[in-house]
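So the structure is just underneath, and the comments pick up after that.
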Amino acid sequence: MESGDFVIERLDSIDSTNLYVEKKYLKKRVPAVVRADRQTAGMGTKGRSFVSDGGGLYFTQLRFYDFFPAEKAFQIMIDYSVGVVKTLAAYGIKAQIKWPNDVLAGGKKICGILIKNGFCGEAIDYSLVGLGLNVNNEIADEIENIAVSMKKLTGKDYDLDGVFFSLLKNVAEGSTIAEYRACSAVVGKKIKVVRSDGTSEKTAVSITDDGRLVLSDGEILSAAEIDLKIGI
């Protein structure tokens, strides 16, 4: 899927690696990975900010494609989210994917992934993937009930470069929808579906090949905010 080599750039601090890559590399059509030790305005899903203190792994990867059918766009999420799970497993940490783009460990969020695709007709021209993985960073008191780091789980300090290159390798090797399903923290569980007009409690039963979430009442979610609750 990927064409050409990519540039790797390391920054001490930046507002957002996503914005930086868009400004510096996108128009020039240069495949790149930009990593920052800290972000002052990290971007999360649905317009949220992403806490990016020192000790975490924060990067954005820009990839261009020769021909990548738009209907297969979910493959990008598969590659990155399962790539994170595989990377954590190599360090002895069991993780799962909370549909569609968060990675959990010990029931708490350890990684967030934000994907922006550019299209040309019926094909994906490029993908801009921002990823934040909690490695050695301290977890703020106000989010310690929902977030965790590799260090918090094991009591060990990790080599950030080692984690970074291991993750890039796992992403580049690719993963399958079967692996994504096997990593799911949602399938087979009762969940709370949160929408602007209210909430409902349902059971997630499967994930389609194109990444939609199938519920026990037959509803299929393509995009929704969900809170995972087990045994409600």
Side-chain angles (χ1 to χ4, degrees), residues 1-66 68 70 73-84 87 97-98 100-103 109-121 123-140 142-143 146-147 149-150 160-161 163-172 211 223-225:
M1 295 191 310
E2 186 173 349
S3 59
D5 297 326
F6 53 85
V7 173
I8 296 180
E9 184 175 358
R10 174 86 175 268
L11 304 171
D12 291 333
S13 181
I14 192 68
D15 53 354
S16 162
T17 57
N18 276 37
L19 295 176
Y20 182 87
V21 171
E22 280 192 279
K23 292 177 182 177
K24 183 170 182 178
Y25 293 108
L26 182 55
K27 288 184 179 180
K28 297 178 182 178
R29 298 190 65 81
V30 175
V33 179
V34 174
R35 173 183 161 195
D37 294 338
R38 290 178 175 81
Q39 292 184 110
T40 58
M43 299 170 65
T45 57
K46 295 179 172 61
R48 299 188 187 96
S49 61
F50 187 89
V51 179
S52 311
D53 295 329
L57 180 59
Y58 318 111
F59 69 85
T60 295
Q61 183 167 18
L62 173 62
R63 303 165 75 181
F64 293 92
Y65 306 97
D66 294 327
F68 189 176
F74 194 67
Q75 183 61 49
I76 299 171
M77 179 60 73
I78 292 171
D79 289 344
Y80 281 88
S81 57
V82 178
V84 171
T87 301
I97 301 166
K98 177 184 175 184
N101 63 332
D102 286 341
V103 179
K109 182 173 177 177
I110 195 170
C111 178
I113 303 167
L114 181 64
I115 297 176
K116 177 181 178 180
N117 294 321
F119 297 88
C120 182
I124 299 173
D125 179 38
Y126 69 86
S127 61
L128 193 68
V129 182
L131 188 147
L133 175 63
N134 296 327
V135 183
N136 299 320
N137 48 307
E138 296 296 326
I139 302 299
E142 60 267 26
I143 60 171
I146 59 172
S149 67
M150 293 173 66
L160 280 173
D161 288 342
V163 177
F164 174 61
F165 287 108
S166 176
L167 179 49
L168 288 185
K169 178 177 180 292
N170 284 322
V171 169
E225 179 73 1

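Nothing fancy with the numbering, it's 1 onward along the sequence.
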Heavy-atom side-chain contact between I115 and N101 under 4.5 Å: no
Residues in side-chain contact (heavy atoms from CB on, under 4.5 Å) contact with I146, at least two apart in sequence or another chain: I143
Nearest heavy-atom neighbours spanning P100 and I97: O-CG2, 4.0 Å
Side-chain heavy atoms of I14 within contact of Q39, under 4.5 Å: yes
Side chain proximity check, E22 to K116, heavy atoms < 4.5 angstrom: yes
Counterpart residues, side chain to side chain donor-acceptor pair (under 3.5 Å), relative to T60 (two or more places apart): T17, N18
Minimum side-chain heavy-atom gap Q61-F6 below 4.5 Å: yes
Exercise: identify the closest heavy-atom pair between A147 and I139: O-CG2, 3.8 Å
Sequence-distant partners of A73, side-chain contact (heavy atoms from CB on, under 4.5 Å), two or more places apart: N117, I124
N137 (side chain) donor-acceptor with V135 (main chain) under 3.5 angstrom: yes
R29 vs F64 side-chain heavy atoms within contact, under 4.5 Å: yes
Residues R38 and D15 bridged, charged N to O under 4.0 Å: no
Any side-chain heavy-atom pair of Y126 and P31 under 4.5 Å: no
Side-chain touch Y58/L131, heavy atoms, less than 4.5 angstrom: no
Side chain to side chain donor-acceptor pair (under 3.5 Å) partners for N170, two or more places apart: T87
Where C111 and V84 come nearest, the two heavy atoms and their spacing: SG-CG2, 3.9 Å
Stepwise side-chain contact (heavy atoms from CB on, under 4.5 Å) check, V103 with K109: CA-CA 6 Å; V103 179; K109 182 173 177 177; over 6 Å; no
Step-by-step side-chain contact (heavy atoms from CB on, under 4.5 Å) determination, L114 to V129: CA-CA 6 Å; L114 181 64; V129 182; over 6 Å; no
Between NZ on residue K23 and OG on residue S16, distance to nearest 0.5 Å: 9.0 Å
Over all atoms of both residues, closest heavy-atom pair of I110 and S149: CD1-C, 4.0 Å
Under the salt bridge (charged side-chain N to carboxylate O under 4.0 Å, His left out) test, residues paired with R10 that sit two or more places apart: D37, D161
Partner residues of E9 under the side-chain contact (heavy atoms from CB on, under 4.5 Å) criterion, sequence neighbours left out: L11, Y20, K24, Y25, V34
Listed partners of F164 passing ring pair (Phe, Tyr, Trp, His ring centres under 6.0 Å), at least two apart: F59
Nearest heavy atoms of S127 and Y65, plus distance in Å: OG-OH, 2.5 Å
Nearest heavy atoms of L62 and V30, plus distance in Å: CD2-O, 3.5 Å
Side-chain heavy-atom pair L128, L26 within 4.5 angstrom cut-off: no
With L133, the side-chain contact (heavy atoms from CB on, under 4.5 Å) member among V163, L160, I113: V163
